[in-house]
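The structure appears right after this line, and notes come after that.
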Number of protein chains: 2
Amino acid sequence: MAALPHKNGRSGQRATIREIAEFAGVSIATVSRVVNGSGYVSDKTRMAVESVIREHRYTANRSARGLSAGRTGLVGVTLPRIHPSYFSVIVAGVAEALYELDMRIVLAPTLHEHDREVGLLERLMHGTTDGGLLVLPEESGSELRTLMSYGYRFVVVDPRMRIDERVPTVSAANSSGADQATRYLLELGHRRIAAITGPGDMMATEERLRGYHAALATAGVLPDPAIVIESDWEVDGGRRAGAALFELADPPTAIFAFNDPLAVGAMQSVVARGLRVPEDVSIVGFDDTVESEFVTPLLTTVRQPLAEMGRMGVSLLMRLLENRSFEALHVELATQLIVRASTGAGPAR
Amino acid sequence: MAALPHKNGRSGQRATIREIAEFAGVSIATVSRVVNGSGYVSDKTRMAVESVIREHRYTANRSARGLSAGRTGLVGVTLPRIHPSYFSVIVAGVAEALYELDMRIVLAPTLHEHDREVGLLERLMHGTTDGGLLVLPEESGSELRTLMSYGYRFVVVDPRMRIDERVPTVSAANSSGADQATRYLLELGHRRIAAITGPGDMMATEERLRGYHAALATAGVLPDPAIVIESDWEVDGGRRAGAALFELADPPTAIFAFNDPLAVGAMQSVVARGLRVPEDVSIVGFDDTVESEFVTPLLTTVRQPLAEMGRMGVSLLMRLLENRSFEALHVELATQLIVRASTGAGPAR
DNA sequence: TCACTTGCTGAAAACGTTACCGGGTTTCAT
DNA sequence: ATGAAACCCGGTAACGTTTTCAGCAAGTGA
């Protein structure tokens, strides 16, 4: 009778499905059906089983379930090294949404540059996760293609580059956000509005630039390439860009920075030059990360619904995991202009 | 021969230990030994097996391993809602350290206030994780006691309250960091140094206060309770505290805020009052989160080695998981004063 | 009454791995 | 030469689930 346990039975072991079945006087199959809500179970036995489950605080062992059913209840989320504050808001949204589905996040750091090819795969797949939510610093298409070829199900949140049509994505409405911001500056009376962009090959840059141009065009303002400066998303880049702008013979009266760190950098260089924000120069950022509330004056910025993006990513992924007949979805979530103190009326005409 | 697969064999299925064994012409037991580096295997067969493993990119199925060996290779990390930027640095350190051990993070959000009692337990234990790294917004001892009583192995990183001696903890050297900061202000010639603290019942407040007092005492400066204001770690609290300090008949010439948001808030209120930083008032923060680089002037602050704390937490946890004979360890990591632009010479005597 | 369906339940195979057991084969000191 | 010890490796139970399949009881239509 006494089975040979092949590992030391530590205390604190929890109830198994077999014990629950025994206590409830049913078979383990029935318990499984109750737990998963699958198949036929009479109300009477269901209630009996549920009561035993509650009493013993039983929850299914995830490893066993993963092994048997092929689904682990775990979702892999890549953790990019950069932009940590930005990132954690997305993750919070993801965690929240998954929690309600009784699933968990497994973090897969993308640390070293070149182990990714193999690494991403091994980390995310093979009995570890059911699917992935990828928040990548920059996509390299080949890894994504490999993942796809293995049939791995994943969603890219906040894509940086343009990627395969068939990959579902969630992003912010970049161009309309940029349009909003620019339009607001125009309404304040600014006509000479500079832009500090991210790297030109990135999607966010491209789309925000489109919104910026669209707003200018609508207002009948001719864009001046001299006051559109490409940078690198970092504070320091913002400082340099800001400095460069005020070297010009005809400096701008407003700056639209394509993310918050750039805006902060620009603001610092403006202040360093002895100019005042917003009296002399108005500044608008993009993202609404925590930084925007830490800066003086408080930064007017375009809020990306980051947590929402995480939640939406989860719901796309779930659709992917359930129906395998999916149409590749690309969701864009609306942005919102948050007016704070770094913007003011343009120059009197 | 053809077994009945009880689930649809999706493409992209990966090699199993049985296939590797077959290709290598050995038993699965031997493959397991090679993979885990346990037991005796001759160099010859080891190399042969390893080559097959490489060729097929085999990695053990984590669910199966978890089920069989009782260890899942997953570590639960609680995800507090607040202080996301602060937190993600710790997690990055944890992820990095775990990655090298071929382990992964499972995020367990502590979302709802009152499901914790049951929630934490169910989320972290029961075949899901081997151990936990807890970064809690505030500890409630009862949950920790329950976890301990179940024999769950965990480490608390950056403990907020004083907790059971037997729980290993990793924290920053709060009092010596506060001592450093205060001493630095004293060296600059400041004598009237205010403190804006966190809630009085928290460990960080208590310890930083001790360092602050120690430094003052060493310099022969009598502490004045009137310029020690208790607050709540938030920017807004810093603003209020700063405002209050300059209502005083004899306002301070320097402020030591017990975290960066408080420092930022204080700085904002000082500026709002028409005073200059650091010419009129010097300000020092604590934490060195990203915010300190986003503020003008750049904030002088005490750096907590957050990523290091995460890594150290992992190494304590590993010790816990291996030898079960552990002495409860309490590690304190050194802090470092980062001098930036928000501090300057004190008033001429 | 009989065949058939529907609702419900249990037995048992399978998932992929680890660790124990035991049977060999060397190596080594005496 | 010989017994003991170390080394090597295969067979297999066990981990806790899910899912298929078969079976039974009760209801249904002819």
Side-chain angles (χ1 to χ4, degrees), chain A residues 1-10 13-22 24-49 53 56 58-74 125-128 130, chain B residues 1-10 13-22 24-49 53 56 58-73 102 125-128 130:
Chain A
M1 182 204 304
L4 309 171
H6 75 285
K7 67 185 165 193
N8 51 348
R10 287 211 319 283
Q13 77 284 46
R14 305 180 65 66
T16 70
I17 199 174
R18 218 171 305 275
E19 288 161 11
I20 300 297
E22 193 163 337
V26 297
S27 73
I28 60 169
T30 300
V31 176
S32 175
R33 276 188 283 260
V34 170
V35 169
N36 297 291
S38 60
Y40 292 115
V41 180
S42 72
D43 282 354
K44 185 155 148 284
T45 54
R46 156 170 296 116
M47 266 149 54
V49 171
I53 285 177
H56 289 75
Y58 167 79
T59 54
N61 179 308
R62 290 189 113 86
S63 292
R65 173 177 288 174
L67 185 57
S68 177
R71 53 196 159 77
T72 57
L74 298 175
M125 300 178 56
H126 197 211
T128 304
D130 297 341
Chain B
M1 182 201 308
L4 309 171
H6 75 283
K7 67 185 163 189
N8 51 348
R10 286 211 320 279
Q13 77 283 47
R14 307 181 64 66
T16 70
I17 198 173
R18 219 171 303 276
E19 287 160 10
I20 299 298
E22 194 162 337
V26 297
S27 73
I28 60 169
T30 300
V31 176
S32 176
R33 275 189 286 260
V34 169
V35 169
N36 297 291
S38 59
Y40 293 115
V41 182
S42 73
D43 282 355
K44 186 155 149 284
T45 54
R46 157 169 296 116
M47 266 150 53
V49 171
I53 286 177
H56 290 75
Y58 167 79
T59 54
N61 178 309
R62 289 188 114 86
S63 292
R65 173 178 288 174
L67 186 55
S68 178
R71 54 195 160 77
T72 58
D102 194 36
M125 298 178 57
H126 198 212
T128 303
D130 297 340

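Just so you know, these numbers come straight off a predicted model, no measurement behind them. Proteins get letters first, then strands, A, B, ... in listed order; numbering begins at 1 in each.
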Evaluation steps, side chain to side chain contact (heavy atoms under 4.5 Å, CB included), between B:Thr45 and B:Arg33: CA-CA 11 Å; B:Thr45 54; B:Arg33 275 189 286 260; over 6 Å; no
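- Candidate nucleotides C:dA19, D:dT17, C:dT9 were compared by shortest atom distance to the side chain of A:Arg33, and C:dT9 ranks first.
- Here B:Ser32 does not reach the OP1 or OP2 of C:dT17: none of its side-chain N or O atoms lies under 4.0 Å away.
- Nucleic acid contact class of B:Val26 (heavy atoms, under 4.0 Å, all strands): sugar-phosphate only.
- In terms of phosphate contacts, B:Asn36 brings a side-chain nitrogen or oxygen within less than 4.0 Å of OP1 or OP2 of C:dT18.
- Across C:dG16, D:dT18, C:dG10, the shortest atom-to-atom separation from the side chain of B:Leu67 is found for C:dG16.
- Look at B:Ser68 and you won't find any side-chain N or O under 4.0 angstrom from OP1 or OP2 of C:dT17.
- Considering B:Asn61, B:Val31, B:Thr30 in turn, B:Val31 is the only one that fulfils the side-chain contact (heavy atoms from CB on, under 4.5 Å) rule with B:Ile17.
- Contact annotation: A:Ser38 side-chain N/O to D:dT18 OP1/OP2 distance is not under 4.0 Å.
- Listed nucleotides: D:dT17, C:dT17, C:dA19. Nearest to the side chain of B:Arg71: C:dA19.
- The CD1 atom of B:Ile17 sits 13 Å away from the P atom of D:dG11 (whole-angstrom rounding).
- Listed pair A:Tyr40 / C:dG7 meets the phosphate criterion, a side-chain N or O lying under 4.0 Å from OP1 or OP2.
- Taking only distance into account, the side chain of A:Arg62 never meets the base of D:dG16 through a donor-acceptor pair shorter than 3.5 Å.
- Closest to the side chain of B:Ser42, from the set D:dG16, D:dC8, D:dT17, is D:dC8.
- Note on B:Val35: nothing from the nucleic acid sits closer than 4.0 angstrom, heavy atoms only.
- The phosphate of D:dC9 has OP1 or OP2 within less than 4.0 Å of a side-chain N or O from B:Thr45.
- Taking the side chain of A:Ala29 as heavy atoms from C-beta on, and the options D:dG11, D:dT17, C:dG10, the nearest nucleotide is C:dG10.
- Minimum interatomic distance between B:Thr72 and B:Thr128 (heavy atoms only, all atoms of both residues): OG1-O, 3.1 Å.
- Across the interface with DNA chain C, nearest-nucleotide mapping of B:Val31 and A:Asp43 shows A:Asp43 to be the residue nearer the 5′ end.
- Taking only side-chain nitrogens and oxygens, B:Ser27 never comes nearer than 4.0 Å to OP1 or OP2 of D:dG11.
- Comparing B:Arg18 and B:Ala64 along DNA chain D, the residue whose closest nucleotide (by nearest heavy atom) sits nearer the 5' end is B:Arg18.
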